[in-house]
Amino acid sequence: MQFDDKVPIYYQIENYLYHQIVAGTLQPGAKLPAVRQLAVDLTVNVNTVQRALTEMIRQEILESRRGRGNFVTQDTARITALKHRLITDYIQELYTQLHALRMDDAEIVAAVQHYLQTRGNQA
Amino acid sequence: MSQYALELTDVRYRKNQRTILDHVNLQIAPGKTVGLLGENGAGKTTLMRLIASVAKGARGTIAVNQQTRDVQRRALVSFSEGLQGFRSTQKLREIRDFYVRTYPDFSAKKYLDLVTFLQIDDDQRLATLSKGTREKFIIALTLARQAAVYLLDEPFSGIDSMSRRRIISSIIQWKQPEAVLIISDHYVTEIAALLDEVVILKDRTICTHKRSDQIRQEFNLGIEAFYESVYEGSIPDDEL
């Protein structure tokens, strides 16, 4: 995985794992690799991985079971809420960019619809 | 009692009537991986030699796990400075044997795991090693000890990217959680994601010491860019 060196690494690891969970690559109840293994896979230090996981445990997306490791929550409502959070983040980003181009809400909706239609034609 | 694994207080060092290091203060908590950055000649190697008690005669105090005396510190710090003192005709196995005899905390098991992982044939003679293999061998010797502080002096200079990746992986896998690891370099992009903290040496002293995340959040800069800005003087001193 390539990291953006301007953004805290733990934050990028968190996001990377959130994506895997929402996309279903990591299923509800799935066991995560050991912290050290994740650190090796991502080429980051163990403390950084631990910090990302601690935050995910605090948000109850992960569950830590003593002596057994970290697991994705089985609570699908939490995963759905996470998905909505990611969706909102992306739309917020898009909206901010388009708004900066002085587009109003109606124009933005029209632009998105136009994009979806023409993209459908190209595909 | 100090909570730091490594603590330098007003360290000054002169050699041949020249000041090499001046007013160096540094505190590192257990478990941290720290990048020691600075141009060639900034004093990175000297600082490591002082911490490891290879160089002596500094003013001020250097404490490793609260131990300030040379003998005790040498037992707590793992530093294999460029394999100095070994003959080029010696086989790597013989150097390993020397480490086994010299350091009670040297783990033959850990050494074997490391040379296997780093793909080093230790039946070779020192003189026949490529630059990359030499660096890998130094890593294996250094990390095979169960030390409180590990010092790696520019382990990535002049070696290919495959070896570099292996070295980085071996560091992540074999550093004990409580141990401090200090890696010096003047080019940081490839190890930036490894570093908890960054220490920059400039003009014979430590001009800044920050957490990596602090650099990213407060300055909105990558580690390499921050390092360059510090050297160019484009960040005001009161912000460092």
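Order of the sequence lines fixes the chain letters, A, B, ..., with proteins taken first and strands second; residue numbering starts at 1 for each chain. Reckoned from all heavy atoms, side chains included, excluding hydrogens, waters and symmetry mates.
In this structure a side-chain-to-backbone donor-acceptor pair under 3.5 Å is present from A/Arg36 to B/Gln173. Looking only at distances, a side-chain donor or acceptor of A/Asp5 sits under 3.5 Å from a matching main-chain atom of B/Ile223.
The line from OG1 of A/Thr43 to CD1 of B/Ile191 is 13.0 Å long, rounded to the nearest 0.5 Å. Note: B/Leu195 CG to A/Asn47 CG = 11.5 Å, rounded to the nearest 0.5 Å. To the nearest 0.5 Å, the span separating CD1 on A/Ile9 from CG on B/Asp213 amounts to 7.5 Å. The CD atom of B/Gln217 sits 14.5 Å away from atom NZ of A/Lys6, with the distance rounded to the nearest 0.5 Å.
Residue-environment remark: NZ (A/Lys83) stays at or below the threshold of 12 foreign heavy atoms within 6.0 Å. Dense packing is recorded around CD of B/Glu232, with more than 12 heavy atoms of other residues, nucleotides or ligands lying under 6.0 Å away. More than 12 heavy atoms of other residues, nucleotides or ligands shown are found within 6.0 angstrom of OH on A/Tyr95. More than 12 heavy atoms of other shown residues, nucleotides or ligands fall within 6.0 angstrom of atom CZ in A/Arg65.
For chain A, the option among B/Ile215, B/Asp196, B/Asn220 with the highest count of heavy-atom pairs below 4.5 Å is B/Asp196.
Using a 4.5 Å cut-off between heavy atoms, A/Val7 touches chain B through its backbone atoms (N, CA, C, O) alone. For B/Gln214, no part lies under 4.5 angstrom from a heavy atom of chain A.
Side-chain contact check for B/Ile172 versus A/Asn45: every heavy-atom pair is 4.5 Å or farther apart.
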